[in-house]
Amino acid sequence: MSIPRNPTEKQRNFFQEVHEVVRLVPAGRVTTYGAIAHYLGARHGARMVGWAMMAAHTAHAYVPAHRVVNRNGLLTGRQHFASPTAMQEALEAEGTAVQEDQVVDFKRLFWDPLAELE
DNA sequence: GCCTTGACCATTC
DNA sequence: AGAATGGCCAAGG
């Protein structure tokens, strides 16, 4: 983990942390904004995590945002993808069943950074 | 420089 | 048990 030295780096650090956690999510698993927020200390609020994901769209590094869903397992961010079905297809391509815009057995496929990375 | 919105979650009524 | 509201931080208008 890098220590924020410059104010500009501080902001980037926030995105970088979120992106890093998302990148650590193995294929076939999904995580939630709240889990990431809680992993970062739950002080930022889950909203910031989702907002950081929006920034991930502009990030140079590839971020598997399709593995990040809301607490209900609903693909809330699918509308922000290149295509509204890109997220679902990406999940299905990894072996994650998606139906009715929500992950099947989401609770089982849920990947908690706090529990896994500990 | 103040106000609104935002890929959300948890608590309370 | 379902619905409404507040909270969190940041950026854009």
Side-chain angles (χ1 to χ4, degrees):
Chain A
M1 305 309 176
S2 346
I3 302 173
R5 294 286 177 173
N6 301 336
T8 39
E9 283 287 325
K10 185 179 180 181
Q11 299 178 354
R12 181 159 288 185
N13 185 1
F14 173 70
F15 298 122
Q16 198 168 12
E17 279 196 88
V18 177
H19 297 166
E20 186 176 345
V21 176
V22 176
R23 236 179 278 162
L24 289 174
V25 178
R29 300 280 183 171
V30 287
T31 187
T32 66
Y33 306 95
I36 299 173
H38 202 275
Y39 177 73
L40 297 178
R43 307 302 171 199
H44 302 278
R47 281 185 153 190
M48 300 304 88
V49 179
W51 181 68
M53 305 254 62
M54 182 186 83
H57 187 278
T58 60
H60 298 284
Y62 168 70
V63 180
H66 55 270
R67 296 178 193 158
V68 185
V69 293
N70 69 343
R71 216 243 164 241
N72 291 322
L74 192 70
L75 283 62
T76 50
R78 73 174 186 166
Q79 193 59 208
H80 281 261
F81 271 78
S83 298
T85 55
M87 190 173 185
Q88 181 174 342
E89 291 191 13
L91 287 171
E92 290 182 334
E94 293 183 346
T96 307
V98 178
Q99 234 169 46
E100 298 295 313
D101 295 341
Q102 60 184 21
V103 179
V104 180
D105 291 334
F106 159 73
K107 191 174 184 179
R108 190 180 61 161
L109 297 174
F110 176 68
W111 185 82
D112 190 355
L114 276 174
E116 301 296 329
L117 299 177
E118 196 170 3

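Remember, it's a predicted structure, so these values are computed and weren't measured experimentally. Within every chain, numbering begins at 1; the chains are lettered A, B, ... in the order of the sequence lines, protein sequences first and strands thereafter.
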Tell me: CZ of A:F15 to P of C:dC9, nearest whole Å? 15 Å
Enumerate the ring-ring contact (aromatic ring centres under 6.0 Å, His included) contacts for residues 73-106 of chain A, please, sequence neighbours excluded, ordered by first and then second residue. A:F106-A:F110
Can you pull out every salt bridge (charged side-chain N to carboxylate O under 4.0 Å, His left out) where at least one residue sits in residues 99-109 of chain A? Sequence neighbours excluded, please. A:R78-A:D101, A:D105-A:R108
Using the test side chain to side chain contact (heavy atoms under 4.5 Å, CB included), find all partners of A:R71 that sit at least two apart in sequence or belong to another chain. none
Which residues pass the side chain to side chain contact (heavy atoms under 4.5 Å, CB included) test with A:P84, not counting sequence neighbours? A:Q79
On a whole-Å scale, what distance lies between the C1' atoms belonging to B:dA7 and C:dA4? 22 Å
Hits for side chain to side chain contact (heavy atoms under 4.5 Å, CB included) against A:R47, two or more places apart or cross-chain, chain-then-number order -> none
Under 3.5 Å, which donor-acceptor pairs do the side chains of residues 87-97 of chain A form with other protein atoms, sequence neighbours left out?
{"residue": "A:E94", "atom": "OE1", "partner": "A:R67", "partner atom": "NE", "Å": "2.9"}
{"residue": "A:E94", "atom": "OE2", "partner": "A:H66", "partner atom": "NE2", "Å": "3.0"}
{"residue": "A:E94", "atom": "OE2", "partner": "A:R67", "partner atom": "NE", "Å": "3.1"}
{"residue": "A:E94", "atom": "OE2", "partner": "A:R67", "partner atom": "NH2", "Å": "2.7"}

Please identify each residue that fulfils ring pair (Phe, Tyr, Trp, His ring centres under 6.0 Å) with A:H44, with sequence neighbours left out. A:F14
Are the side chains of A:Y33 and A:T76 in contact, using a 4.5 Å heavy-atom criterion? yes
Within residues 99-107 of chain A, those residues having any heavy atom closer than 4.0 Å to DNA chain B are none
Report the residues that fulfil side chain to side chain donor-acceptor pair (under 3.5 Å) with A:N72, sequence neighbours left out, ordered by chain and then residue number. none
Within residues 24-41 of chain A or reaching into it, pairs that qualify as salt bridge (charged side-chain N to carboxylate O under 4.0 Å, His left out) - sequence neighbours excluded: none
Polar-atom pairs under 3.5 Å, protein N or O versus N or O of nucleotides 1-5 of chain C: list them with distances, or write none.
none

Counting primed atoms plus P, OP1 and OP2 as sugar-phosphate and everything else as base, spell out the protein contacts along nucleotides 7-13 of chain B at 4.0 Å heavy-atom distance: B, S or - for each nucleotide, 5' to 3'. BBSS---
